[in-house]
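Presented below is the structure to which this report refers.
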Amino acid sequence: MKKLFVLFALFVFVLLFSCTNEITSPPSANSGKLLLKIDKQNAPESVVYVKAYLTRENFDPITGVLNLISDSTADILLNEINAGNWHLKVDAEDDSGLVLYTGETDVQILAGFTSQVYLTLQPTGSGTGSIYIYVTWGVPNNFNWVDYQGNPMILSTQKFYDYYGVTQPIILYDQGIFKMWYAGVAASSKSYILYAESVDGLTWVNYSGNPVLSAGRYGEWDDLSVSPGAIIKENGTYKLYYTGWSNEYGNWNIGLATSIDGKKWTKYPNPILMGTTGWQSQIIPSSIVKIGDSYFLYFTGRNYPYYSIGVAVSNDGINFARYSENPILVSNQPWESTGVLEGSVLKDNGKLIMVFGNSGSDGFGIATSMDGFHWVKANNNPFVTNKSTSNNWALAKIAYPYWIKLPSEIRIYYSGTGYENELKIGMMRKFGN
């Protein structure tokens, strides 16, 4: 049985609307174009025509046809599509017009975004094989993650503390302001913690006093490098859990710093959690969640090239005890390669949801838990990959996902690199919580 793989890329060009507030849902009064690109080379011999139909109540249907034999291009262009909810139907026919494969789905078309939807055309009984379709369009809806078109949003300032790029974002939405702490990568494996603010979480202003946290003095446990991992604000005080080390090839430990304004920090003199041996010889905090009266600190255990995720629990946010059945999440799926890492956890409708990366830095997965200790991975992991980033801005690697829940959407801020190998920070979102 021969399979046909058909790639659809949808580009929405804004004609009538310019978005001024990215926090609210964009209006639907605009039009655009839909471009469907077809892989003719792998088409089964029986398929001659591919036909696309867009329908919507009170609107004229929009159709397009591709003849796989005679047409010089492999495109179907649909013009003048009004933004809103449409029904997409795609048929594959033989030379007599008999439908051999068909598939359909509801879509919502909006301008200014790129996301992905998968539609499989099933055989109708008159042919053999199947058609797999990959669709890309501007569709922010409840089911699809949308990579922000303005990515990357934070880049190196070319100063000493971020000369080689920026990475590891952690976010709080606090008193109407988005606040980000992130790592600036300098020379000689050294990194600093930097700070930026934004009114919408899209356009950021770097703090003029960067860096806000630097490596310790010579001889201290974090005298070579510090990088952010998890943050929480309680009773007017920020608590920042960070990674530090004095030897890149030795143990990495977790430290704690506190602040009143998020800019001027006071470190605890000693690590609150030490790297040990084996899978957790080097530990990196990635998220902290308060469940009842207990603090759950999630961290990555690194024993290169292997990674796993563990958790430690505390009653005061300072003195932590590792969970006896760590690690709580390990690599057991092919896409995860040699490890799972960088787990960011949020509460959602009575359960916990974790987004995590893989050792190959090419995809993100999701896992859920009811108690914070026992986790179940989603069946559709990875739910997003480096190949789906907008304009291929992070085609080489994506890493360090950190998500935040807002009233009308969930966002994942993350770091990425293109093949130029410069570390940058971007964001993807899912509308409708």
Side-chain angles (χ1 to χ4, degrees), residues 1-13 15 28 30-111 113-146 379-380 383-385 387-388 390 392:
M1 181 180 296
K2 186 176 180 181
K3 293 184 178 180
L4 168 63
F5 295 89
V6 184
L7 174 63
F8 284 92
L10 168 79
F11 305 93
V12 181
F13 302 94
L15 299 181
S28 59
N30 58 291
S31 63
K33 298 179 181 180
L34 171 61
L35 179 65
L36 302 98
K37 291 185 173 292
I38 314 300
D39 178 7
K40 296 170 60 175
Q41 183 176 357
N42 296 313
E45 294 180 358
S46 56
V47 175
V48 176
Y49 302 102
V50 177
K51 298 181 179 180
Y53 308 87
L54 276 175
T55 57
R56 180 179 174 188
E57 188 176 357
N58 299 322
F59 285 82
D60 292 332
I62 302 174
T63 62
V65 180
L66 174 69
N67 187 315
L68 294 177
I69 297 176
S70 62
D71 287 353
S72 59
T73 68
D75 302 342
I76 299 177
L77 181 63
L78 306 182
N79 288 298
E80 300 299 326
I81 306 172
N82 285 274
N85 294 309
W86 289 82
H87 187 77
L88 172 66
K89 186 174 185 292
V90 180
D91 291 337
E93 303 177 355
D94 64 10
D95 57 0
S96 67
L98 179 65
V99 177
L100 303 178
Y101 307 91
T102 188
E104 52 191 301
T105 185
D106 290 323
V107 300
Q108 183 186 26
I109 295 180
L110 294 175
F113 303 96
T114 301
S115 66
Q116 60 194 25
V117 171
Y118 295 90
L119 173 64
T120 301
L121 300 194
Q122 301 293 342
T124 61
S126 300
T128 59
S130 61
I131 297 178
Y132 178 82
I133 298 177
Y134 176 94
V135 185
T136 303
W137 50 48
V139 188
N141 59 36
N142 292 345
F143 305 99
N144 300 301
W145 287 95
V146 182
N379 293 325
N380 63 336
F383 67 93
V384 68
T385 73
K387 295 181 180 179
S388 59
S390 61
N392 293 325

For the atom pair [atom1] ([X]) and [atom2] ([Y]), what is the distance rounded to the nearest 0.5 Å?
X    : Y    : atom1 : atom2 : result
L98  : Y49  : CG    : OH    : 12.5 Å
K387 : N392 : NZ    : CG    : 10.5 Å
L100 : E93  : CG    : CD    : 8.0 Å
I62  : Y53  : CD1   : OH    : 14.0 Å
N67  : D95  : CG    : CG    : 9.5 Å
I81  : F59  : CD1   : CZ    : 11.5 Å

Looking at D60, I want to see if its CG is surrounded by more than 12 non-hydrogen atoms of other residues, nucleotides or ligands under 6.0 Å.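 At most 12 heavy atoms, drawn from other residues, nucleotides or ligands, come within 6.0 Å of this atom.
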Restricting to side-chain hydrogen bond (donor to acceptor under 3.5 Å, both in side chains), what partner residues turn up for D94, sequence neighbours left out?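 In terms of side-chain hydrogen bond (donor to acceptor under 3.5 Å, both in side chains), with neighbours along the sequence ignored, D94 is linked to S96.
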Does N379 have any side chain to side chain contact (heavy atoms under 4.5 Å, CB included) partners at least two apart in sequence or in another chain, and if so, which?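 Applying side chain to side chain contact (heavy atoms under 4.5 Å, CB included) to N379 gives none.
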Taking only residues two or more places apart in sequence or in another chain, which ones pass side chain to side chain contact (heavy atoms under 4.5 Å, CB included) with T55?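 Checked T55 against side chain to side chain contact (heavy atoms under 4.5 Å, CB included); matches are P61, H87.
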Is there a side-chain contact between L54 and L88 in this structure, where contact means two heavy atoms from C-beta onward sitting under 4.5 Å apart?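 Contact flag for L54/L88 side chains = yes.
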I want to check something: taking the side chain as every heavy atom from C-beta on, are K89 and D91 in contact at a cut-off of under 4.5 Å?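 Answer yes - side chains close enough.
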